[in-house]
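Comments concern the structure below.
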Amino acid sequence: MTANVAEIRARTRSTVMAVVKADGFGHGAVTVAEAAVAAGAGWLGTTSVAEASALRAAGLAVPILAWLHPGGIDAEAAAAAKVDIAVGSVDELGALLAQAAATMRIHLHVDTGMARGGCPRGQWDELIGLARRGQRARRVRVVGVMGHLPLADQADPAANAPAVAGMREAQRAVWAAGLGSPLAHLAATSGTLTDPATHFGMVRVGAGLVGIDPSGTVTMHGASRLIAPIVHTRAAPAGTPVGYAGTFVTDRATHLSVLPLGYADGIPRELSPQAGVEIRGRRLPVVGRVSMDQIVIDTGAESFPIGTSATVFGPDGGATPTVQDWARWAGTIPHTIVTGIGPRVKRSIA
Ligand SMILES: *Cc1c(COP(=O)(O)O)cnc(C)c1O
């Protein structure tokens, strides 16, 4: 984690926000936040005010931004935890102005090409006008302008150019409205690693913290290891069907070991036959269907005793699969592997 933050800081002069949504991409929000701040991140970012409040409660003191408000903005909770909030529509800002007791710190979230969150281009003037009135009445203070890049994973600055232009336009409109020069932020991990023109005053980095580079251009450091003990071992003659529906049948006399992890713990149910784990320095295949709580490993001639540790993924390389390997075997992206690891898996800091 520390090495990843260093990697990121070496590529930008902008402030780094550590995005720790989805429980710090499955690694523990407080753990990731503390490590990132210690390594030089100046801000924290979360999806919801509730996630941000939990970071405050854990003693994190840097500025925190929350950008999604299911059920409406909870101004009271945001003010109590001193959390900045992103406001992505005229309606949302209107509702906030109607309830804000103390002066709220807000970031105007403009749509720079996602059509997901953020105020559509045609309503920026209305949003900025309402923000100006709110700021004059001391109900809000505009401290940031936020966009998001739809195409940064292509690692091609030309693909980001329209969003960068949109961001500059939003900045100019905010300046022209007399709202000062709030902190502008647009880039996430991919933009940070591949396109300095997207950096503005701050970059918001999530995936990169835990070793995932969605642009595929930089090798980051895997931040986690998933291990499990063998809970059952047996010999199996040739022709033994394994697991539900017997989809795998042993083609020789072999040994099978069971690990106490299944799809309820985030092991993808659909896996290519290449999927495997590391046991005592060897890559051994997962065979048969992934069950809710268990997977079976074909250990060949070796019969491993109960309690032998298997590494499902880790940063080491070699026989140890990476999170990226699991993503490939499951036909998905590394993000879904790390955020999918279930609550039964005990987290500890190495
Ligand atoms: C998740 C998210 C980020 C971080 O993206 P990564 O690609 O994980 O670095 C940044 N900004 C917003 C709005 C996000 O939702």
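One-based numbering, in listed order, for ligands and for the atoms of each.
- Side-chain atoms of Thr250 come within 3.5 Å of backbone N or O of Gly239 as a donor-acceptor pair.
- A salt bridge links Glu169 to Arg121: at least one charged side-chain nitrogen sits closer than 4.0 Å to a carboxylate oxygen.
- Looking at Thr189 next to ligand 1, an N or O pair under 3.5 Å apart turns up.
- The side chain of His148, and not its backbone, has at least one atom closer than 4.0 Å to an atom of ligand 1 (non-hydrogen atoms only; side chain from C-beta on).
- In this structure, Met146 is part of the shell of residues with a heavy atom less than 4.0 angstrom from ligand 1.
- Judged by the shortest distance from any of its heavy atoms, His109 lies outside the 4.0 Å radius around the atoms of ligand 1.
- Polar contact with ligand 1: absent for Pro214 (N/O pair, distance under 3.5 Å).
- Of all non-hydrogen atoms in Thr192 and Arg11, the two that sit nearest each other are O-CB, 4.2 Å.
- Applying the 4.0 Å criterion to heavy atoms of Gly206 picks out, from ligand 1, the atoms 4 (C), 6 (P), 8 (O), 9 (O).
- More than 12 heavy atoms of other residues, nucleotides or ligands shown are found within 6.0 angstrom of CE on Met114.
- Residue Ala207 has at least one N or O atom closer than 3.5 Å to an N or O atom of ligand 1.
- At a cut-off of 3.5 Å, with distance as the only test, a side-chain donor of Thr332 or Thr336 sits close to an acceptor on the other residue.
- Every atom of ligand 1 with a heavy atom of Lys21 under 4.0 Å away is listed here by number and element: 1 (C), 2 (C), 3 (C), 14 (C), 15 (O).
- Short contacts between ligand 1 and Val205, defined as distances under 4.0 Å to a heavy atom of the residue, involve ligand atoms 9 (O).
- Residues in residues 160-204 take part in these ring-ring contact (aromatic ring centres under 6.0 Å, His included) pairs, two or more places apart or across chains: His107-His185.
- Within the listing of ligand 1, atoms 8 (O) sit less than 4.0 angstrom from a heavy atom of Phe25.
- Within ligand 1, the atoms closer than 4.0 Å to a non-hydrogen atom of Arg116 are 15 (O), numbered from 1 in the order shown.
- Each of Leu256, Val258, Thr233, Ile279 was compared with Ile297 under the side chain to side chain contact (heavy atoms under 4.5 Å, CB included) criterion, and only Ile279 meets it.
- For Gly24 against Val32, the heavy-atom pair with the smallest separation is O-CG2, 3.8 Å.
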